[in-house]
Participant: 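Before I ask anything, here is the structure I am working with.
Just so it is clear, the model here is predicted, and its values are computed rather than measured. Here is how names work: the chains are called A, B, and so on, in the same order as the sequence lines, proteins then strands, and each is numbered from 1.
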Amino acid sequence: MKPFEIVEEPIDVKQYMDYVLHPSAGAVTVFTGNVREWTHGVRTLYLSYEAYVPMAEKKMAEIGAEMEEKWPGVRVAIAHRIGELQISDIAVVIAVSSPHRKAAYEANEYAIDRIKEVVPIWKKEIWEDGEEWIGAQKKYPSKGVE
Amino acid sequence: MKPFEIVEEPIDVKQYMDYVLHPSAGAVTVFTGNVREWTHGVRTLYLSYEAYVPMAEKKMAEIGAEMEEKWPGVRVAIAHRIGELQISDIAVVIAVSSPHRKAAYEANEYAIDRIKEVVPIWKKEIWEDGEEWIGAQKKYPSKGVE
Amino acid sequence: MITLKYFARLRDVAGKGEETLDREELTVSELLDWAEQTYPGFGADNVQVAVNEDYALKEDTIRSGDVCAFIPPVSGG
Amino acid sequence: MITLKYFARLRDVAGKGEETLDREELTVSELLDWAEQTYPGFGADNVQVAVNEDYALKEDTIRSGDVCAFIPPVSGG
C-alpha cells in the first residue's frame, strides 16, 4: 500500500485510515466516492475508469503536499481505483487525520475538489443503451440521456 | 449493530459505512474522533467515557433525523464508545451517505457539532499526575495541568 | 417516588449513581435547589435536568414515577 | 522521437493508446495542431498536454525523448 496510489482491486478503506492515524491525531475524516446507480433518472450499469497511472499518482501526492502546507499537522492518503466498477463500489478514498476536526473536514473536501480538477483519471459511464467518456467538456452530448 | 448506538467494544468503522451505503449513494463521509496523546503539551494516558445510554442513543437518533430533514437523501449512522479508551482508539464514528458529496461533508460536520452539544456522554482524561471529567464549564480548574 | 441519576462529575459529588427521592411533585428548579443543598459543590448552575430522557426546562414539573437525570456539561466526541 | 499517449475519449479517436512521432522539437501548440489535423474530431481546444507527467503550457517546447500525454477533461472521483 502506498499513500497515493492507483489500484485495480477493490479498495480496503481501513488500511488508508490506519496509515493516517498517529498518536497526535484526534480526528480522522474519510471520503469515499461510490458508483451511483441513478443519475438524473438515468440508470448506470457500471463504470469504467482509466488513468495515466504514474502522472495520476504524482498529482495525488502533490495534492497531499498542498494539504500539508495549508493545514499543518494533517496526514493524508488517497487511492483511486481503475477498471470496471459495479454499483456501490468505491472509486476513490481520501483519508485525512488531524489533531483537530475542522482541518480534517476542510482538507478532505479540498482533496476531492482538486482530484476532480487535476488528476488524469477518466470515467466512462455504461448505460443500458450506450456508453460515454465523462468529462467537463460538453461538446460531446450524452448518448441515450435526456 | 444499530444505526445509533453506544458500544463498549472497539468500533468497527466498516459496518457503519456499509449500513449507510445504498445504490443511490455517490458519496460517503466518515468521521472518527480518536484519543489523542498530546493536548496543549499535556500527555493523556487514556480516557474514560461514560454515557446515559438510553438518552444518548435517543439524542443521536434525533440528530440523525435532523440531518435527514436538512439534507434530503442522506443516510446516517453514529456510534460512540464508552469505557476505557487507549491512545488512537476510536471514541466516535459518524458515517453519512448522500447522492452528492457536498451534503455528505456538511451533514457529517453538523453531526459531530451536535453530538458535542446535546448527547449525554462525558469524557474523563487520565494523565500521569491526575484525572478530570471534561466539560464546557470552567468552574473546576484542571488538576495537574498548567 | 422520583428516580434520580447522577453521571460523571456529579456521580463523584453525590457518591452514587442513582437514588430515589420520596416526593409527589416538584419543579426542575426545586430539584436543582434540593441537589445543591444536599451535595456541596453540586454546581447546579451548570447542570441540566433530563426528565424521562428529554431535556427539561427549569419550570417543568416532575411527578412521582419520573426518571430524572442530572446532566453536567457533556463532553462526548 | 517523441512518445505520444492517448487516454479515454482520445484513445477511441486516435484508435491507439500510444505512438511515436518522428520530430526533433515542436511546441505544445504545434503538437495539438498536428493531432487535430491527424485525427478528425480530436477536439484539441479541450485537450491539455502533459510533458513528462506535468501539465505543459501551449508555448512550451517538446524535444525528442519527451513523453507527451494528451489529457482530455478529467473525470475522476
Participant: Tell me, for B:Val118 versus chain C, whether the close heavy atoms (under 4.5 Å) come from the side chain, the backbone, both or neither.
Facilitator: both
Participant: To the nearest 0.5 angstrom, please state how far the OG atom of C:Ser75 sits from the NZ atom of B:Lys124.
Facilitator: 11.5 Å
Participant: Between B:Pro120 and C:Tyr55, is any pair of side-chain heavy atoms under 4.5 Å apart?
Facilitator: yes
Participant: Please classify the contact of C:Asn52 with chain B as side chain, backbone, both or neither, using a heavy-atom distance under 4.5 Å.
Facilitator: backbone
Participant: Please examine the side chains of B:Glu62 and C:Asp54, heavy atoms only from C-beta on, and report whether any two atoms are closer than 4.5 Å.
Facilitator: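 Side chain of C:Asp54 against side chain of B:Glu62, heavy atoms only: contact under 4.5 Å found.
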Participant: Locate the shortest heavy-atom distance separating B:Lys59 from C:Glu53; write the atom from each residue and the value.
Facilitator: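 Smallest interatomic distance, heavy atoms only, reads CE-O, 4.2 Å.
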Participant: In terms of side-chain geometry, is the basic nitrogen of B:Glu50 or C:Arg11 positioned less than 4.0 Å from the acidic oxygen of its partner?
Facilitator: yes
Participant: C:Val74 and B:Ile115: which non-hydrogen atoms are nearest, and at how many Å?
Facilitator: CG2-O, 4.4 Å
Participant: Which pairs with one or both residues in residues 59-69 of chain C pass salt bridge (Lys or Arg N to Asp or Glu O under 4.0 Å), sequence neighbours excluded?
Facilitator: C:Glu25-C:Arg63
Participant: Given heavy-atom pairs under 4.5 angstrom as the criterion, report whether the side chain, backbone, both or neither of B:Lys58 touches chain C.
Facilitator: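 The side chain, not the backbone.
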Participant: Rounded to the nearest 0.5 Å, how far apart are CG of C:Asp12 and CH2 of B:Trp133?
Facilitator: 7.0 Å
Participant: Could you check if a side-chain atom of B:Trp122 sits within less than 4.5 angstrom of a side-chain atom of C:Ile71, using non-hydrogen atoms only?
Facilitator: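 Touching, per the 4.5 Å side-chain cut-off.
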Participant: May I ask you to decide if C:Gly77's main-chain N or O and B:Tyr49's side chain share a donor-acceptor pair within less than 3.5 Å?
Facilitator: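 A pair under 3.5 Å: yes.
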Participant: Less than 4.5 Å to any heavy atom of chain C: does that hold for the side chain of B:Ala56, its backbone, both, or neither?
Facilitator: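 For B:Ala56, no heavy atom lies under 4.5 Å from chain C.
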Participant: State which residues pass side chain to side chain donor-acceptor pair (under 3.5 Å) with B:Glu84; sequence neighbours excluded, sorted by chain then number.
Facilitator: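 With neighbours one apart ignored, the set is empty.
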